[in-house]
There are 2 protein chains.
Amino acid sequence: MSLSDFELEVMQLFWVHKEASAPQIHKLIEQKRAVKYTTVKTIIDRLEKKHSLKRSRTEGRTIFYAPISEKQTVSTPLIKEFINKVFLGKSRPLAAHILEEEELTLEDIEYLETLLKERKKDLK
Amino acid sequence: MSLSDFELEVMQLFWVHKEASAPQIHKLIEQKRAVKYTTVKTIIDRLEKKHSLKRSRTEGRTIFYAPISEKQTVSTPLIKEFINKVFLGKSRPLAAHILEEEELTLEDIEYLETLLKERKKDLK
DNA sequence: AGCATATATCTACATTTGTAGAGATACAAG
DNA sequence: CTTGTATCTCTACAAATGTAGATATATGCT
């Protein structure tokens with residue numbers, strides 16, 4: 001099942017934190033922008049209904065949730081879809097854009113170079 | 001103004017064809033999936049209202065449209081946004097995913113290698 | 001035990017999006 | 001010049017999404 005932007009944002013936090021309660025997630029997001037607790041809780045409820053999150057334990061009346069879907073399982077199809085939508089299915093222009101325009105450290109570049117070297121080796 | 005998936009799909013066709021009528025766009029999309037003419041026309045109307053398309057000329061009662069927004073102007077922020085949403089703002093993991101997992105020809109790989117070489121040169 | 005408060009639950013609502021029908025009408029073909 | 005048809009215009013609507021209020025209530029503190 002596909003995730004909305006907000007749902008994905010919340011999932012990202014769960015992937016980082018492994019487990020969290022709605023109040024915790026709310027506090028994290030609130031640091032970036034104004035949002036009411038109930039809004040965040042609604043998103044979490046929807047993620048639970050979609051089986052992306054499960055209740056892991058409770059502490060007092062506070063429910064803790066943990067991710068069911070794994071990050072990679074979610075992001076891989078998103079990448080494919082993005083390439084289709086924005087680059088007519090061709091990965092090279094997206095790769096080129098990133099390598100040319102997006103922020104990369106020297107280490108990033110060198111790492112990516114080794115990936116290409118590997119890839120080339122396997123091709124031949 | 002942001003574009004919906006369907007709007008973006010239509011814009012892609014305009015970027016390729018430079019100019020087209022609603023019936024033409026409809027026929028193109030219909031080759032991939034069932035969709036009514038009026039649905040496509042609605043999307044084109046919305047794109048016109050958003051100033052992404054303009055009427056370029058008419059032929060009989062058929063209106064031709066041409067893109068106003070350029071492809072790069074639209075895609076660059078989409079990439080940024082995608083990296084933020086899916087990779088917490090870091091481009092390296094997206095680049096790595098593409099270089100490792102997505103389809104690339106030998107030429108693609110060699111081209112990307114030159115980009116990295118350039119990028120490294122400029123960094124140093 | 002009583003109470004304040006944090007948390008949960010449930011409901012609501014405007015906007016965006018994909019989808020398309022109904023009806024109007026200009027043009028092409030006879 | 002009539003008429004069929006392609007195209008346009010206008011309106012509608014359900015689902016998804018972001019947003020949050022109202023209300024209930026379990027807990028922890030005094």
Side-chain angles (χ1 to χ4, degrees), chain A residues 1-14 19-66 74 77-78 81-82 84-86, chain B residues 1-14 19-66 74 77-78 81-82 84-86:
Chain A
M1 188 126 42
S2 79
L3 303 183
S4 75
D5 282 359
F6 201 166
E7 287 167 355
L8 184 58
E9 181 184 5
V10 168
M11 285 307 290
Q12 295 282 3
L13 293 171
F14 277 102
E19 187 192 65
S21 65
Q24 288 174 339
I25 296 290
H26 174 233
K27 275 158 208 141
L28 287 172
I29 298 182
E30 221 185 10
Q31 287 168 13
K32 309 204 168 188
R33 59 201 158 86
V35 61
K36 300 289 177 189
Y37 167 78
T38 45
T39 302
V40 173
K41 183 61 162 66
T42 299
I43 299 300
I44 291 177
D45 290 344
R46 288 179 186 165
L47 285 168
E48 192 190 1
K49 198 167 298 170
K50 285 184 179 183
H51 304 291
S52 296
L53 288 180
K54 63 169 183 251
R55 292 167 185 232
S56 55
R57 66 188 173 89
T58 60
E59 195 175 282
R61 34 173 353 216
T62 309
I63 304 157
F64 283 75
Y65 299 85
V74 171
L78 287 181
E81 187 197 331
F82 183 75
N84 282 333
K85 281 192 328 195
V86 183
Chain B
M1 194 125 41
S2 80
L3 304 182
S4 76
D5 282 0
F6 201 166
E7 287 167 355
L8 184 58
E9 181 183 6
V10 168
M11 284 306 292
Q12 296 280 5
L13 293 171
F14 277 102
E19 188 192 63
S21 66
Q24 288 175 340
I25 296 290
H26 174 232
K27 276 156 208 142
L28 288 172
I29 298 181
E30 222 184 10
Q31 288 168 12
K32 309 206 167 186
R33 61 202 156 86
V35 63
K36 299 290 178 189
Y37 167 77
T38 45
T39 303
V40 173
K41 184 59 162 65
T42 299
I43 299 299
I44 291 178
D45 291 344
R46 289 180 186 164
L47 284 167
E48 194 191 358
K49 198 167 297 171
K50 284 185 180 183
H51 304 290
S52 295
L53 289 180
K54 62 168 184 253
R55 291 165 186 234
S56 54
R57 68 189 172 86
T58 62
E59 198 174 280
R61 37 177 346 223
T62 309
I63 304 158
F64 284 75
Y65 299 85
V74 171
L78 286 181
E81 187 197 330
F82 184 74
N84 281 333
K85 280 194 327 197
V86 183

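So that the names make sense, note that chain A is the first sequence line, chain B the second, and so on, each numbered from 1.
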For this session: Hey, can you tell me if A/H26 and A/Y37 have their rings parallel, tilted or perpendicular (30° and 60° cut-offs)?
Result: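 The rings of A/H26 and A/Y37 stand perpendicular, inter-plane angle above 60°.
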For this session: With DNA chain D as reference, determine whether A/G60 or A/R33 sits nearer its 5' end, using the nearest nucleotide of each.
Result: A/R33
Exercise. Which comes earlier along DNA chain D counting from the 5' end, the contact point of B/R46 or that of A/E7, where each point is its nearest nucleotide?
Worked result: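 In this pair, the answer is B/R46.
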Separation of [X] atom [atom1] from [N] atom [atom2], in whole Å?
X	N	atom1	atom2	answer
A/R57	C/dA8	CZ	P	12 Å
A/D45	C/dA12	CG	P	16 Å
A/L8	D/dA16	CG	P	18 Å
B/K49	C/dT15	NZ	C1'	14 Å
B/F6	C/dT17	CZ	C1'	10 Å
B/K36	D/dC13	NZ	C1'	17 Å
B/L47	C/dG18	CG	C1'	13 Å
B/L3	C/dG18	CG	P	10 Å

Exercise. Heavy-atom count around A/K50 NZ within 6.0 Å, excluding the residue itself: above 12?
Worked result: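 Enclosed: over 12 neighbouring heavy atoms sit under 6.0 Å from NZ of A/K50.
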Exercise. Which part of the nucleic acid, if any, lies within contact of A/T62, taking any heavy atom under 4.0 Å across all strands shown: a base, the sugar-phosphate backbone alone, or nothing?
Worked result: sugar-phosphate
Exercise. When all nucleic acid strands are considered with a 4.0 Å heavy-atom cut-off, which category describes B/T42: base, sugar-phosphate, or nothing?
Worked result: base
Problem set entry | Step-by-step side-chain contact (heavy atoms from CB on, under 4.5 Å) determination, A/H51 to A/M1 | CA-CA 9 Å; A/H51 304 291; A/M1 188 126 42; 5.8 Å; no
Does [X] make a side-chain N or O approach to OP1 or OP2 of [N] shorter than 4.0 Å?
X	N	result
B/T39	C/dA20	yes
B/K41	D/dT9	yes
A/S4	D/dG18	yes

For this session: Ignoring hydrogens and angles, answer whether the base of D/dT25 and the side-chain atoms of A/R61 contain a donor-acceptor pair closer than 3.5 Å.
Result: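 Donor-acceptor pair under 3.5 Å: yes.
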Exercise. Are any of the side-chain nitrogens in A/D45 or A/K49 under 4.0 Å away from the carboxylate oxygens of its partner?
Worked result: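 Here A/D45 does not pair with A/K49 in a salt bridge, since their nearest N and O are not under 4.0 Å apart.
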For this session: Begin from the C-alpha positions of B/R55 and B/E48 and carry the test salt bridge (charged side-chain N to carboxylate O under 4.0 Å, His left out) through to its verdict.
Result: CA-CA 8 Å; B/R55 291 165 186 234; B/E48 194 191 358; 2.7 Å; yes
